[in-house]
Amino acid sequence: MAKIAFILLCHKNPDAIIAQANQLTAAGDCMAIHFDARSGQAEYERLFAALADNPNVTFTAKRVKCGWGAWSLVQATLNALQAATEAFPRATHFYMLSGDCMAIKTAEYAHRFLDDNDADFIESHDFFESNWIKTGMKKDRLIYRHYFNERTQAGRFYASYEFQKKLGLTRDIPRDIQVMIGSQWWCLRRRTVEMIQKFLNDRRDVVRFFSTTWIPDETFFQTLVRHLIPKEEIENRTLTFLMFSDYGMPVTFYNDHYDMLLRQDYLFARKISPHAQELKDRLGQLYAGKDVTFQISDEGRSLHRFLTNRGRIGRRFTQRFWETSNTLGPDRDLYLVTCKKWHVAKRLVDQIKTETDLPCLHYVFNEENTPLPDLGGIETTLAKRSRHRRAVVNMLYDHFRRDRLVLCVDPGSIEIIRDFCADQVKLHVLNIACEFSNDYLAGHALRVGLIGESSPVESVQRILPTLRNELSHEIEQIRSASKEEYFRISESQNRANNVAELARFLTVSNKKAEAILSLDYLFSD
């Protein structure tokens, strides 16, 4: 009978991972876990300790710092596969999972299905001929070398890319390799995994090539399986049910999706909402079930396509995906940097990004042209971002694969700060107090329409004290809303005090805060 070794890549929420591992291994299957090295050591140790006595769970010998679109995701997977093949010699199949995946069939059903279908289940479409890649780079993913992470080192990523293009520094794809592309969620037989491991030992040139391609988790295993395994032994599909919204974002499943999920012709589903506790409990119990009959209708994709098509012509039967993301969750930290002089806040968060691994963005909800990643369309206008603030922030957490995020907010946007204060997220607010000259205040009054280009000097002078008081009032509102998580650095404050306050705000060492505040021109106009 089939015995599954689950390959689990995860980076957060140890309690959910512990529950997932215990549920899946209770039925006799096993699991190899890679916990992202970017995540906290304390979380990893808690996870390791909780599962140490489970003989069907192993951990990778080496943890990798994973980044979206980077080779590190493939390396983490290879590390987990190595751990699984060594620890579980009786495992017949290796199934790729994330912490957002849950079984939608019983173990009994899954084992019988794999026994009856002697094949590798992996999407693998021709890289150049298929329409898998809808927008952005295609051939350039392969023929140029990508040494930097596009999401955390965007400047270096694109500078290196443009430099290679300018000089024509292209490279050839290994001659005997036909590059394929598809979903990273696969289920492979043991013989296939062992053939891949042997191939990689023999062909270091292939490893070198893929290690500097962009988004290799969509091409590496997909290419190697097609290269090593006869076509008739490959099912060009995934056994994990996942859908994408009409805005190109993964659909999240909630409590009322239980019956629909069980009807789909798949073994697992992703992404299960972390807040859908009832759904998670029911699916967790399902995997150990016996003699459960499933009525497969497989209508999920068609139903979703119908609903989203109706939505495009103004007759919506369900909420858009961002309208369901109404909370950020208690396990996340949101750091808001507020300053009336936007250039000062931008300088500081750019320094935070340089000196730490925290993802940092500028005035997302105040400035139309703030650079943002592709979030499926919701990021395209300031009005849309403002209507769906929590959903935007939720997707930014997912995009950066982090549970900590730094944003700039204008002090006058008290409704934004109050909105996040009302959420379960751990909110931290830093106010940068700047000195405001009369010239600056006059310029600000002009920008917001309180005065015109030709307003008399006397009128301008009369409005300046009121405007100065208004700016002070904004800060008091912020202080009141954010309570004990309010922090302040000031242009007039001595450096040591500013360093200590920034260290408390970010929960970093004074040495790290000192490095962040090393800019001599932070407050300059």
Side-chain angles (χ1 to χ4, degrees), residues 2-9 30-37 57-67 69-97 114 118-124 126-127 141-147 149 171-236:
K3 182 182 179 70
I4 304 170
F6 294 104
I7 305 301
L8 179 64
L9 302 192
C30 43
M31 178 178 288
I33 298 175
H34 177 275
F35 194 69
D36 197 331
V57 174
T58 190
F59 289 81
T60 57
K62 183 177 181 181
R63 296 167 62 200
V64 178
K65 290 184 177 180
C66 295
W71 170 254
S72 52
L73 284 174
V74 177
Q75 187 61 62
T77 307
L78 291 172
N79 291 355
L81 278 172
Q82 187 65 38
T85 52
E86 292 175 358
F88 310 120
R90 297 180 61 190
T92 62
H93 293 78
F94 297 82
Y95 197 120
M96 183 78 174
L97 285 180
L114 294 175
D118 185 18
D120 296 303
F121 289 84
I122 183 169
E123 282 187 345
S124 52
D126 188 281
F127 184 91
R141 289 190 185 191
L142 308 177
I143 64 172
Y144 295 109
R145 297 166 179 83
H146 302 282
Y147 297 107
N149 187 291
R171 61 175 174 177
D172 293 329
I173 297 168
R175 290 186 180 277
D176 59 331
I177 296 293
Q178 179 185 3
V179 180
M180 311 296 286
I181 191 167
S183 168
Q184 65 269 50
W185 311 109
W186 40 253
C187 178
L188 303 178
R189 297 168 297 175
R190 185 179 195 93
R191 180 170 67 92
T192 301
V193 169
E194 291 175 344
M195 289 176 69
I196 289 173
Q197 291 171 329
K198 181 178 184 304
F199 178 84
L200 296 179
N201 286 331
D202 297 338
R203 293 291 303 273
R204 303 308 297 173
D205 61 313
V206 174
V207 176
R208 286 193 297 272
F209 172 76
F210 278 103
S211 67
T212 51
T213 59
W214 190 40
I215 321 182
D217 55 309
E218 292 182 351
T219 55
F220 181 75
F221 290 101
Q222 296 79 356
T223 299
L224 295 192
V225 172
R226 282 281 184 172
H227 182 74
L228 297 170
I229 304 301
K231 184 177 180 180
E232 56 272 17
E233 294 183 28
I234 301 172
E235 288 286 341
N236 193 358

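This is a predicted model, so every value here is computed, not measured.
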Test side chain to side chain contact (heavy atoms under 4.5 Å, CB included) applied to Val225 and Ile196, step by step: CA-CA 8 Å; Val225 172; Ile196 289 173; 4.0 Å; yes
Could you pull out the closest heavy-atom pair between [X] and [Y], with the gap in Å?
X      : Y      : value
Ala83  : Thr60  : CB-CA, 4.2 Å
Gln184 : Trp186 : O-CD1, 3.3 Å
Pro216 : Phe210 : CB-O, 3.7 Å
Arg190 : Ala91  : NH1-O, 2.9 Å
Leu97  : Trp185 : C-CZ3, 3.5 Å
Ser124 : Gln222 : CB-O, 3.7 Å

I'd like to check [X] versus [Y] (side-chain heavy atoms, cut-off strictly below 4.5 Å). Are they in contact?
X      : Y      : value
Thr192 : Leu228 : no
Gln178 : Arg226 : no
Phe221 : Met96  : no
His146 : Ile215 : no
Leu78  : Phe220 : yes
Leu114 : Thr92  : no

Just how far is it from atom [atom1] of [X] to atom [atom2] of [Y], taken to the nearest 0.5 Å?
X      : Y      : atom1 : atom2 : result
Gln82  : Thr58  : CD    : OG1   : 11.0 Å
Thr223 : Asp126 : OG1   : CG    : 9.5 Å
Arg145 : Ile143 : CZ    : CD1   : 10.5 Å
Lys3   : Phe94  : NZ    : CZ    : 11.0 Å
Leu200 : Leu81  : CG    : CG    : 10.0 Å
Leu188 : Ile229 : CG    : CD1   : 8.5 Å

Counterpart residues, side chain to side chain donor-acceptor pair (under 3.5 Å), relative to Trp71 (two or more places apart): Gln75
With sequence neighbours left out, write down each residue that passes side chain to side chain donor-acceptor pair (under 3.5 Å) with Asn236, or none if nothing qualifies. none
Worked verdict on Arg141 versus Val179 for side chain to side chain contact (heavy atoms under 4.5 Å, CB included): CA-CA 11 Å; Arg141 289 190 185 191; Val179 180; over 6 Å; no
Those residues at least two apart in sequence (or on a different chain) that pass ring pair (Phe, Tyr, Trp, His ring centres under 6.0 Å) with Phe127 are none
For [Y], is there any backbone N or O sitting under 3.5 Å from a side-chain donor or acceptor partner on [X]?
X     : Y     : answer
Ser72 : Gly67 : yes
His34 : Val64 : yes
Arg63 : Asp36 : yes

Aromatic rings Tyr95 and Phe6: how do their planes relate, parallel, tilted or perpendicular, breaks at 30° and 60°? tilted
Which residues pass the salt bridge (Lys or Arg N to Asp or Glu O under 4.0 Å) test with Lys65, not counting sequence neighbours? none
Steps toward side chain to side chain contact (heavy atoms under 4.5 Å, CB included) verdict (Val206, Leu224): CA-CA 10 Å; Val206 174; Leu224 295 192; 4.1 Å; yes
Not counting sequence neighbours, list each pair that qualifies as a side-chain hydrogen bond (donor to acceptor under 3.5 Å, both in side chains) and has a residue in residues 207-217. Arg171-Thr212
Could you give all pairs that pass the salt bridge (Lys or Arg N to Asp or Glu O under 4.0 Å) test and reach residues 180-189, with sequence neighbours left out? Asp118-Arg189, Asp120-Arg189, Arg189-Glu233
